Amino acid sequence: MKILYKDGTVAECPQEEELQVLRHSTAHVMAQAIKRLYPHADFAFGPATEKGFFYDVDLGDTKLTDEDLQKIEAEMKKIVKENLPIKAFILPRPEAIKLMEERGEKYKVEHIGDLADDAEISFYQQGEYIDMCTGPHVTYTKALKAFKITQQSGAYWKNDKNNKMLTRINGVAFRSQQELEEFEKLQEEAERRDHRRIGKEMKLFMFSDEGPGFPFFLPNGMIVKNELMSYWREIHSRNGYVEVSSPIIMNRHLWETSGHWAHYKDNMYTTTIDDEICCVKPMNCPGSVLIYKNQPHSYRELPLRIAEMGLVHRHELKGALHGLFRVRCFTQDDAHIYLTREQITDEIVRIVGLINEVYTKFGFDYFVELSTRPEDSMGSDEDWEAATNGLKNALEKLGLDYIINEGDGAFYGPKIDFHLRDSIGRTWQCGTIQLDFQMPQNFGLEYVDENGEKKCPIMIHRVCFGSIERFIGILTENFAGRYPVWLAPTQVKILTLPNSDTTFAKEVYAKLVDAHVRAVLDDRNETIGYKIREARQIDRVPYMLIIGAKEIETRSLSVRELATDQTTACGVDEFVAKVASEIKNRK
RNA sequence: GCUGCUAUGGCUCAGUCGGUAGAGCACGUCCUUGGUAAGGACGAGGUCACCAGUUCAAGUCUGGUUAGCAGCUCCA
């Protein structure tokens, strides 16, 4: 693919930039189409995005309907068909301003004002349309072969909510029609796996107008939640953690000390108790700190690992709510570790090992991001350096690749974030490990060192799942509801053939229940096809046992496995032992 | 919170030009002797999210509220 740089040179496009250029050019073509249909349109920014492009445009009072978007797309296709050559030119500043003013592009004029004084201002033109842009772009509009407008939304000029809201028109663009179709298939697949849909089908959880954003767990969802929590308890007790539980409501004073009141009071739920303002906890750390302070500590106890499955409430904006992914109350699988500066590296190694174990358990691949000191941070340079190095050393010791995210740490310390990749390639941020020097000081935490002197410990905040609710959402989409046996709400479903004797089926059922298998007996008088369809597609049960005259006679089982769709014969005791062992080993 | 859209039985949806509601699935009853992705008949189930307004008449038109959807912003 040939591309045109702003100085007018034409060159072969580097492979890795092709899509980006294509998408950027598509944004221009869309702008041209919009301008043809809406001559008063005034354009702001129109970049390429991860899957396509958008253009932010001021349409005055004009509102676009879905039909209007289709018309714009049709006009874009027309422009592509016209196969307009794309040209580039550069103007000195005053002439650039004049050109944009003449064309009524007030956002572009404002943008010129933000550019350096000596900046050369480049333009790209195709037919009657001129856009101020640094390029590069394709050389002819016909190079754009596969695109689609997907939606419109609002977006602020320069992303600042004090500015005017513009209309953002989003689209996707690919190299070929085939790539576009693949993208659409993936979209459909994502929709099919949507945990909100599956949650309804499998009766995992619900929401209600009476508490928007606050999830209700139904019996099936509660099974998944409890299984995750019991797994979590097991590995934490094995890794030297103790578990506590702190109150949901504590007074305002605590949150002032922790710094949350100053930073986040608009997102905290409050209530008044005996004339005192109290807060519903948005985080567990201050509670943990109070537990630490409840008694004196020796250096011999450190690192002290205090874990808590804490239910936190945060007032998220209603537009941000999204199934279990973004809720107003959730359970953090939190832990706070109190330790000395020297212990940082070893402890981080230990935590990363734990998190790795958890993600591997679910078959997730992941990558790690290290976020360093932000601009408005608290604490000394020395502390920050020690902390950041502690994290780096640990990652290197583990031989983990990581991306550095400069300046994206919390104001109280650097952090490591874990992003996991699901079965269709999407990534989710789950685990995080944050170092904190601030809170131990704010609360005056102490331990006695080997010389009998009082010292202030360092604190690590960390989660593995992140939020149990969110993690259940991710697991549900990753497995498309077909959970591993140990998590499945119903593990075995016994399906009898209609009008057959159910005595044997009931015996098998009793044996499974005895072995602590979550079994269901479906002895309704329905055809076997009907029962199988329900067990597979709605309940997503890992094992289906079909029992009819044949099985009754041989006293054996016909086992249909959800994962493979294969049916095999198996003895009763053998099957019960196999499933029980899978559950025990959390397979 | 902002922009656009949506709200009709448990679920998924239809309902034309305003003339007081339909389907499929699920559910209940009955029939069906039926072997691996929906057997059949009948029945019950809805003050059309809520509050106002326009109208002889509102599921349908208008305004507001609430909730949801796609984005934006935000996510300690």
Side-chain angles (χ1 to χ4, degrees), chain A residues 49 54 56 59 62-66 68-69 150-170 187 191 194 196-197 200-201 203 206-213 255 258-268 281-286 312 314-323 325-328 330 332 374 409-413 415 429 432 434 436 438-439 461 466-467 470 495-501 524-538 544-552 558-562 565-568:
Chain A
T49 60
F54 67 75
D56 285 350
L59 289 167
T62 308
K63 305 259 184 238
L64 298 179
T65 62
D66 288 353
D68 294 331
L69 295 181
T150 50
Q151 77 251 129
Q152 60 171 321
S153 70
Y156 302 103
W157 166 235
K158 289 181 179 170
N159 264 347
D160 184 338
K161 68 175 174 198
N162 299 312
N163 286 338
K164 182 168 181 181
M165 176 158 284
L166 309 172
T167 305
R168 173 169 296 181
I169 304 176
N170 294 278
Q187 289 290 103
E191 210 169 297
D194 192 312
R196 291 168 298 184
R197 170 210 285 263
K200 225 175 238 172
E201 280 178 9
K203 299 186 174 65
M206 59 171 255
F207 288 92
S208 161
D209 288 4
E210 279 74 9
W255 303 99
S258 69
H260 293 104
W261 183 260
H263 279 88
Y264 306 107
K265 70 167 183 292
D266 290 346
N267 294 315
M268 289 164 69
K281 69 178 176 183
M283 294 195 93
N284 302 302
C285 31
V312 299
R314 300 177 182 182
H315 185 73
E316 304 291 356
L317 293 176
K318 79 195 213 56
L321 302 175
H322 181 105
F325 287 162
R326 197 75 186 277
V327 286
R328 284 180 171 153
F330 56 95
Q332 281 184 316
F411 68 91
Y412 48 76
K415 60 172 183 172
Q429 203 231 291
T432 118
Q434 306 184 355
D436 182 359
Q438 241 24 72
M439 206 173 293
H461 309 245
S467 135
R470 207 172 107 91
L495 312 177
T496 58
L497 272 120
N499 282 321
S500 61
D501 181 0
R524 289 174 301 173
N525 200 16
E526 294 287 351
T527 61
I528 196 67
Y530 178 89
K531 293 187 188 182
I532 287 175
R533 179 191 167 265
E534 189 177 271
R536 285 181 83 246
Q537 280 173 239
I538 310 295
M544 289 162 271
L545 306 181
I546 288 86
I547 296 185
K550 217 161 59 188
E551 289 77 19
I552 293 169
S558 220
V559 182
R560 178 158 170 173
E561 211 175 322
L562 180 68
D565 259 337
Q566 299 295 308
T567 305
T568 49

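Chain identifiers are assigned alphabetically (A, B, ...) following the order of the sequence lines, protein sequences preceding nucleic acid strands; residue numbering begins at 1 within each chain. Here the structure is a predicted model, which means the values were calculated and not measured.
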Novice: Rounding to the closest angstrom, what is the interatomic distance between B:C13 and B:C72 at atom P?
Specialist: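 It comes out at 24 Å once rounded to the nearest Å.
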Novice: Heavy atoms only: give me the nearest A:Q152-A:T167 pair and the separation to one decimal.
Specialist: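 Closest heavy-atom pair between A:Q152 and A:T167: OE1-CG2, 3.7 Å.
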Novice: Going by modelled atom types, is there a donor-acceptor pair between the base of B:G1 and the side chain of A:E316 at under 3.5 Å?
Specialist: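 Checked by distance alone, the answer is no.
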Novice: For nucleotides B:A38 and B:A26, find the distance between their C1' atoms and express it as a whole number of Å.
Specialist: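 About 12 Å, rounded to a whole number of Å.
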Novice: Without decimals, in angstroms, what is the distance between A:L545 CG and B:G35 C1'?
Specialist: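 Result: 15 Å.
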Novice: Of the nucleotides B:G35, B:A76, B:U36, which one has an atom closest to the side chain of A:I532?
Specialist: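 Shortest atom-to-atom distance from the side chain points to B:U36.
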Novice: How far, in whole Å, is B:U8 from B:A49 if one measures between their P atoms?
Specialist: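 Between the two P atoms, the distance is 6 Å.
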Novice: When you compare B:G10 with B:A44, how far apart are their C1' atoms, in angstrom units rounded to a whole number?
Specialist: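 Roughly 13 Å separates the two C1' atoms.
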Novice: If we take the P atom in both B:G43 and B:C11, what is their distance in whole Å?
Specialist: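 Those two atoms are separated by 24 Å.
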Novice: For A:K200 and A:P282, find the nucleotide of RNA chain B closest to each by heavy atoms; which residue's nucleotide sits nearer the 5' end?
Specialist: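 Between the two, 5'-proximity favours A:K200.
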Novice: Could you state the atom-to-atom distance from CD1 of A:I538 to C1' of B:U12 in whole Å?
Specialist: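 Value for this atom pair: 12 Å.
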Novice: Could you run down nucleotides 63-72 of chain B 5' to 3' and tag each one B, S or - for protein heavy-atom contact under 4.0 Å?
Specialist: ----SSSSBB
Novice: Below 4.5 Å, heavy atoms only, C-beta onward: do A:S558 and A:K550 meet side chain to side chain?
Specialist: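 Not in contact.
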Novice: Which heavy atom of A:T496 sits nearest a heavy atom of A:I528, and at what distance?
Specialist: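 Reported closest heavy-atom pair: O-CD1, 4.1 Å.
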Novice: Please determine whether side-chain contact (heavy atoms from CB on, under 4.5 Å) holds for the pair A:C285 and A:M439, giving the CA-CA distance in whole Å, both sets of side-chain angles, and the decisive distance to 0.1 Å.
Specialist: CA-CA 9 Å; A:C285 31; A:M439 206 173 293; 3.8 Å; yes
Novice: Is A:K550 touching bases, backbone alone, or none of the nucleic acid, heavy atoms closer than 4.0 Å?
Specialist: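 Answer is base: heavy atoms of A:K550 come under 4.0 Å of a base.
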Novice: What's the CG-P distance between A:L495 and B:A38, to the nearest Å?
Specialist: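 Whole-Å distance recorded here is 14 Å.
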Novice: Yes or no on side-chain contact (heavy atoms from CB on, under 4.5 Å) for A:H263 and A:M268, after CA distance, side-chain angles and deciding distance?
Specialist: CA-CA 10 Å; A:H263 279 88; A:M268 289 164 69; over 6 Å; no
Novice: By side chain to side chain contact (heavy atoms under 4.5 Å, CB included), which residues pair with A:H322, not counting sequence neighbours?
Specialist: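 Testing A:H322 for side chain to side chain contact (heavy atoms under 4.5 Å, CB included), a comparison that skips the adjacent residues, returns A:H195, A:R196, A:F325, A:R326.
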Novice: Can you measure A:L69 atom CG to B:C5 atom P for me and round it to whole angstrom units?
Specialist: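 It works out to 11 Å between those atoms.
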Novice: Applying side chain to side chain contact (heavy atoms under 4.5 Å, CB included), can you list everything that pairs with A:Q429, at least two apart in sequence or on another chain?
Specialist: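 Side chain to side chain contact (heavy atoms under 4.5 Å, CB included) list for A:Q429, sorted by chain: A:D417, A:H419, A:T432, A:R470.
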Novice: Nearest whole Å is fine: how far is B:A76 P from A:Y264 OH?
Specialist: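 Value for this atom pair: 7 Å.
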Novice: Report which part of the nucleic acid A:E210 touches: base, sugar-phosphate, or nothing (heavy-atom distance under 4.0 Å, all strands).
Specialist: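 Touches nothing.
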Novice: Taking only residues two or more places apart in sequence or in another chain, which ones pass side-chain hydrogen bond (donor to acceptor under 3.5 Å, both in side chains) with A:R536?
Specialist: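 With sequence neighbours excluded, A:R536 shows a side-chain hydrogen bond (donor to acceptor under 3.5 Å, both in side chains) to A:D565, given in chain and number order.
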Novice: Where do N or O atoms of nucleotides 26-28 of chain B meet protein N or O atoms at under 3.5 Å, pair by pair?
Specialist:
from	atom 1	to	atom 2	distance (Å)
B:A26	OP1	A:Y530	OH	2.9

Novice: List in chain and number order the residues that pass side chain to side chain contact (heavy atoms under 4.5 Å, CB included) with A:T568, two or more places apart in sequence or in another chain; answer none if no residue qualifies.
Specialist: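 A:T568 satisfies side chain to side chain contact (heavy atoms under 4.5 Å, CB included) with A:V559 once adjacent residues are dropped.
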Novice: Taking side chain to side chain contact (heavy atoms under 4.5 Å, CB included) as the test, write out the residues that go with A:E526, two or more places apart.
Specialist: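 Per chain and number, A:E526 pairs via side chain to side chain contact (heavy atoms under 4.5 Å, CB included) with A:R524, A:Y530, A:K531.
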Novice: Rounded off to whole Å, could you give me the CG-to-C1' distance for the A:L317 and B:G1 pair?
Specialist: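 Going from A:L317 (CG) to B:G1 (C1'), I get 5 Å.
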Novice: Is any N or O donor-acceptor pair between the side chain of A:S500 and the base of B:U33 shorter than 3.5 Å?
Specialist: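 There is none.
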Novice: Need one value for A:T167: base, sugar-phosphate or nothing, where a base atom within 4.0 Å counts as base even if backbone is also close, heavy atoms only.
Specialist: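 Nothing, no heavy atom under 4.0 Å.
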Novice: As a test of reading the structure: which of B:A76, B:U36, B:G39 is closest to the side chain of A:E526, going by heavy atoms?
Specialist: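 Of the options given, the side chain of A:E526 lies nearest B:G39.
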Novice: Looking at the base of B:U32, is there any donor atom on it, or on the side chain of A:N525, that sits under 3.5 Å from an acceptor on the other one?
Specialist: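 Between B:U32 and A:N525, which were checked side chain against base, a qualifying N/O pair under 3.5 Å is present.
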Novice: For B:A37, take OP1 and OP2 only and decide whether either is under 4.0 Å from a side-chain N or O of A:R560.
Specialist: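 Yes, A:R560 has a side-chain N/O under 4.0 Å of OP1/OP2 on B:A37.
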Novice: With sequence neighbours excluded, tell me which residues meet salt bridge (charged side-chain N to carboxylate O under 4.0 Å, His left out) with A:D436.
Specialist: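 Scan of A:D436 (salt bridge (charged side-chain N to carboxylate O under 4.0 Å, His left out), adjacent residues dropped) gives none.
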Novice: Would you confirm whether A:S500, through its side chain, and A:A549, through its main-chain N or O, come within 3.5 Å as a donor-acceptor pair?
Specialist: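 Not confirmed, A:S500 side chain does not pair with A:A549 backbone.
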Novice: Just the rounded figure in Å: distance from C1' of B:U36 to CD1 of A:I546.
Specialist: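 These atoms are roughly 6 Å apart.
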Novice: Test of understanding: with ring-ring contact (aromatic ring centres under 6.0 Å, His included), list the residues that count as partners of A:F54, not counting sequence neighbours.
Specialist: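 Residues passing ring-ring contact (aromatic ring centres under 6.0 Å, His included) with A:F54: none at all.
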Novice: Are any protein N/O atoms closer than 3.5 Å to N/O atoms in nucleotides 42-50 of chain B? If there are, list each pair with its distance.
Specialist:
none

Novice: Could you tell me which non-hydrogen atom of A:A410 sits nearest to which non-hydrogen atom of A:Q434, and how far apart they are?
Specialist: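 Scanning both residues completely, I find the closest heavy atoms to be CB-OE1, 4.3 Å.
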Novice: Need one value for A:F54: base, sugar-phosphate or nothing, where a base atom within 4.0 Å counts as base even if backbone is also close, heavy atoms only.
Specialist: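 The answer is nothing, as A:F54 stays clear of every strand by at least 4.0 Å.
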Novice: Could you tell me which residues satisfy ring-ring contact (aromatic ring centres under 6.0 Å, His included) with A:Y264, sequence neighbours excluded, listed by chain and number?
Specialist: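 Checked A:Y264 against ring-ring contact (aromatic ring centres under 6.0 Å, His included); zero matches.
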Novice: In whole angstrom, give me the gap between the C1' atoms of B:A76 and B:U6.
Specialist: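 Pairwise C1' distance, B:A76 against B:U6, rounds to 33 Å.
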Novice: Check the distance between B:A37's P and A:K531's NZ and give it to me in whole angstrom.
Specialist: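 Those two atoms, NZ and P, are 15 Å apart.
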Novice: Can you run through RNA chain B from 5' to 3' and write each base as (, ), [, ], | or . depending on how it pairs? Watson-Crick or G-U wobble, both distances under 3.5 Å.
Specialist: (((((((..((((.....[..)))).(((((.......))))).....(((((..]....))))))))))))....
Novice: With rounding to whole Å, what would you report as the distance between B:U12 and B:C51 at their P atoms?
Specialist: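 Pairwise P distance, B:U12 against B:C51, rounds to 23 Å.
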Novice: Just wondering, do A:P282 and A:H315 contact through their side chains at under 4.5 Å, heavy atoms?
Specialist: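 Result no, sub-4.5 Å side-chain heavy-atom pair not found.
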Novice: Would you measure the distance from the P atom in B:C48 across to the matching atom in B:G59 and give it in whole Å?
Specialist: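 Comparing P positions in B:C48 and B:G59 gives a spacing of 7 Å.
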